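The next block holds one structure in the form of C-alpha cells; read it before the comments.
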Amino acid sequence: MQMESIVSLCKRRGFLFQSSEIYGGLNGFWDYGPLGVELKRNVREAWWQDMVARHDDMNQLPGAPGPYSMEGLDCTIIMHPQVWKCSGHYDLFHDFMVDCRESKKRYRHDQLNGRWVEAKNKRVFVTAEAGDDEQKKMEQRALKFFNLRAKNVDDLKWDGGVACLTEVEDMEQVVGPDAKNTGTLTEPREFNLMFKTFVGALSGEEGAAYLRPETAQGIFVNFKNVLDSTRHRLPLGIAQIGKSFRNEITPRNFTFRSREFEQMEIEFFCHPDQSADWYRYWRDRRLKWYTDLGISMERLRMREHHEAELAHYSVGTADIEYAFPFMAEGEFGELEGIAHRGDFDLRSHMEGKLDEKTCPLEVQLDENGKPKWKGSGKDLSYRDDLSNEKYTPHVIEPSAGADRATLAFLCEAYTEDEAPDDKGKLQTRTVMRFHPRIAPIKAAVFPLVKKDGMPEKAKEIYLDLKREFNVFYDEKGAVGRRYRRQDEAGTPYCITVDGQTLADGTVTIRDRDSLEQQRIEVAHCAEVIRQRINQ
RNA sequence: GCGGGUGUAGCUCAGUGGUAGAGCGUCAGCUUCCCAAGCUGAAUGUCGAGGGUUCGAUCCCCUUCACCCGCUCCA
C-alpha cells in the first residue's frame, strides 16, 4: 500500500519520526525531522502570509462581501478553567466511564440505566444502555441472571422504575449490560478528553487546569482586547496558530489523529445580518487555499453538513476533506472545518454557558435554577460607532489542522514515476512534488564533477542563495544520484555548475517535475528561483 | 475498547534453541561534463522493552509498548 511507502520515506528522509522512538514510542505523538520541520513551517507560514500578514483592509477581496480587517494573536495553552466550562468542552470532554471486567466493554456512567429487581432471595440492579428498548433488555438480563425462563417472568419482583446508574452506590450489586454476574463493572472513573494539569507547585485540585483542546477559545476571550487595542471596526478576523491537546480515544493513521497537534484558526467577527455571506466567503476561500498550494480537486472535497447535523443557531458548517491514502476507497478525512457559530461563544463567555438545545439560546441552568457554568459577566458585545448599533457579533470559524494539512501535502506530493537511466533503462523515481512555496529545500547547488574549480564556484553560488532561501549543497558521487536524492526530498530546482560556467558564467537550472534544464546567468539565480516560487 | 497481524542494520526484508545475514542506502577513495544500481574499501545491530523456561533464547511462554488491518467509539 502506498501509505506504507510514504511513512517509510518520511522516516528515511527525516520528515516525521515517532515521538520518543528510542523508548518504544508514545501512542498519538509524532516528531518532525529536519525536512518535516521546514515543510510544516512553510505550511504555517503560507497560511499566516495568505490570511493575515498580506491582508489589507482597504481593498475588497474577490468573493468577499466587503473589506475587512485581520489581526493575529498568540495566547497561552493553559487558560482559566472556567473558559472550558463555558465553551462546553468540559461537559463534552469530561465523562465518567465504567468498564466491564467481563465483557471488556466501556460505558458512559450516566448513560447506563437500570432497575432494582429481586428473585430467589437476591436483589440486584440490572442495567442496559439507555435507549428505547432498555426495559426489554433489563428484563432479559434479569432472567438470565436468575437463570429463569421467559415464562417465569412473573417471578421477577421489580422495585421502582428505571433509574440511572449514577444513583447506585454499591457497584457490587450491579449487573452490567453485557455481563452475566454482579460486580463486573468498575467504579466510575474520570475519563478526560482534555489533558489535565496543575497550576502551582502545590498541585491540589484547586490548581487543576487543562491544556487547551482548541485555540479558538483564546481568541474569544481576547476579542475585546484585540478590538480595543487596534481601533478596528467589524468585520474583523483574529487568527492564531498553536498547539492543542486532546486525549483521542483511538489515535491512528500516522499523524492524522494526534494527541498533540497544531491548529490554524480564524475567528471572524461580523454583523449577524451579514454572517451568511461571510460564511460562504470563508468556505470558498479556504478551499481555494489548498488547491492553490497544489492539492488536486480529485482528492479534495467540500462537504456541507446536513441541516440535521447543524446546531440550530448555525447557518452552516462545511468540512474540507482529503482522500488520504490510508482511508478506504471513497472515504475522506477532515482537514479543516468552517463553521458558522452564531453568537454562541461570545454570549457563553458573557452570560454563562448556553444550552445549545434551546432556541433561542438560553443560559444552561443547574438543578437549583442557577447557571450551570457562570460566564465572565464582561460585556463582549460591539457598538458600531457609525450606525450606533450595538450587537453581539456572529462568528465564522475556519479551523484548520496544521499537521493534517502537512500530511495531506505529503501524501499529495508523493509520486513514483519512471525515468530512463544513462543506459536508457526505465527506473522508478520517487518524487515529492511539493508546491515550490512549501518545499522544504528550494534549490540544491551541485558542481557537475568534483574538480576543475567547479566545487569552488558552486559553493560561492550556494552561499549567496542561502541568504534568501533554504538551499542545499552536494558534491558527492554521480550527479544523477544527487538529482534523484533531491527529487525524494521534493526540492523543486537543482542548479549545476559545469565546464561552461567557468567560461561564460552560466549554470543550468533543472526542474524537478519536467526534468528540463535551462541555462541561466549565475547572477540571475536568486531572481529566477524567487520568480518560480511565487508564480 | 474488541479481534487479527507485525516488531531483526537508516529503509525493505531473510533467518536459526548455541549471541545474525541480504539488497538498497550511508561513509571514504577512485572514476565521471548531466539524471541513482561504474570500481575498490568501510562502518552499523543490547534481533521493540521487561520477566520466565533452559546449561544457553532473536527464536518457546507470560507481561508490556508501538505500528498496521477490521469493528467499535470519538469529532
Side-chain angles (χ1 to χ4, degrees), chain A residues 1 3-14 17-30 33 89 92-93 95 97-101 103-108 111 129 178 186 191 193 213-214 246-257 259 261 305 309 317 319 321 326-328 333-334 337 339 399 401 404 417-431 444 446-452 454 474-488 494-503 507-512 514-517 519:
Chain A
M1 163 146 204
M3 197 58 208
E4 284 166 33
S5 310
I6 296 173
V7 173
S8 162
L9 180 134
C10 283
K11 167 97 200 274
R12 182 156 36 88
R13 295 309 307 258
F17 308 125
Q18 206 180 349
S19 164
S20 317
E21 195 189 62
I22 62 167
Y23 286 107
L26 191 59
N27 191 275
F29 296 89
W30 299 88
H89 287 89
L92 191 70
F93 280 11
D95 293 314
M97 309 287 280
V98 292
D99 287 318
C100 179
R101 298 184 188 93
S103 69
K104 305 287 180 205
K105 289 198 169 182
R106 174 172 290 166
Y107 315 94
R108 264 180 65 175
Q111 285 193 352
E129 292 184 74
D178 301 284
T186 61
F191 206 78
L193 264 34
E214 63 169 38
R246 288 184 198 182
N247 265 319
E248 297 289 351
I249 308 223
T250 325
R252 209 175 264 200
N253 289 331
F254 209 24
T255 60
F256 183 76
R257 186 155 288 173
R259 287 177 162 149
F261 58 103
H305 287 208
E309 286 179 85
T317 294
D319 288 344
E321 302 181 322
F326 49 75
M327 311 196 98
E334 183 181 340
S399 168
R404 287 183 175 186
D417 63 9
E418 296 202 312
D421 63 12
D422 56 350
K423 294 185 193 68
K425 213 174 105 193
L426 280 180
Q427 301 289 351
T428 306
R429 182 175 81 122
T430 303
V431 198
F446 305 145
L448 185 59
V449 291
K450 207 164 104 184
K451 61 180 183 187
D452 301 335
M454 291 181 206
D474 193 0
E475 59 178 27
K476 295 176 197 123
V479 74
R481 180 180 303 235
R482 284 178 264 156
Y483 285 140
R484 293 296 175 87
R485 263 198 289 252
Q486 292 307 311
D487 291 339
E488 232 183 40
C494 290
I495 288 165
T496 305
V497 169
D498 56 18
Q500 199 179 325
T501 307
L502 307 168
V507 290
T508 58
I509 180 164
R510 166 196 184 262
D511 182 89
R512 177 195 65 203
S514 67
L515 300 181
E516 274 165 22
Q517 286 182 301
R519 196 158 268 283

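Quick note on labels: first sequence line is chain A, next is B, and so on, each numbered from 1. Computed over heavy atoms, backbone and side chain alike; hydrogens, waters and symmetry mates excluded. Predicted model, so just to flag it, every value in this text is computed and none were measured.
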task = State which of B:rU12, B:rC34, B:rU26 makes the closest approach to the side chain of A:Arg485.
result = B:rU26

Donor-acceptor pair (no angle test) under 3.5 Å: A:Gln517 side chain, B:rC34 base = yes

query = Do A:Arg484 and B:rA36 share a donor-acceptor pair, side chain to base, under 3.5 Å?
reply = yes

message = Once you apply a heavy-atom cut-off of 4.0 Å, does A:Lys450 come out as touching a base, just sugar-phosphate, or nothing?
response = base

task = Could you tell me whether A:Thr496 contacts a base, only the sugar-phosphate backbone, or nothing, with contacts defined as non-hydrogen atoms closer than 4.0 Å?
result = base

ask   = When the P atoms of B:rU8 and B:rC34 are considered, how many whole Å apart are they?
value = 41 Å

Rounded P spacing from B:rA9 to B:rG23 in Å = 16 Å

query = If the P atom of B:rG51 is compared with that of B:rU40, how far apart are they to the nearest Å?
reply = 46 Å

ask   = Tell me, for nucleotides 63-68 of chain B in 5' to 3' order, what letter each nucleotide earns: B for a base near a protein heavy atom under 4.0 Å, S for only sugar-phosphate near one, - for neither?
value = --SSSS

Residues A:Arg481, A:Asp474: salt bridge by 4.0 Å N-O rule = no

message = Between B:rG5 and B:rC60, how far apart are the two P atoms, rounded to whole Å?
response = 14 Å

message = Let me check I have this right: for RNA chain B, each base becomes ., (, ), [, ] or |, based on Watson-Crick or G-U pairs with both distances under 3.5 Å. What is the full string?
response = (((((((..((((.......)))).(((((.......))))).....(((((.......))))))))))))....

task = Report yes or no: is there a donor-acceptor pair, N or O only, under 3.5 Å between the side chain of A:Arg257 and the base of B:rC74?
result = yes

task = Output the single nucleotide from B:rG25, B:rC11, B:rC74 whose closest atom is nearest the side chain of A:Leu193.
result = B:rC74

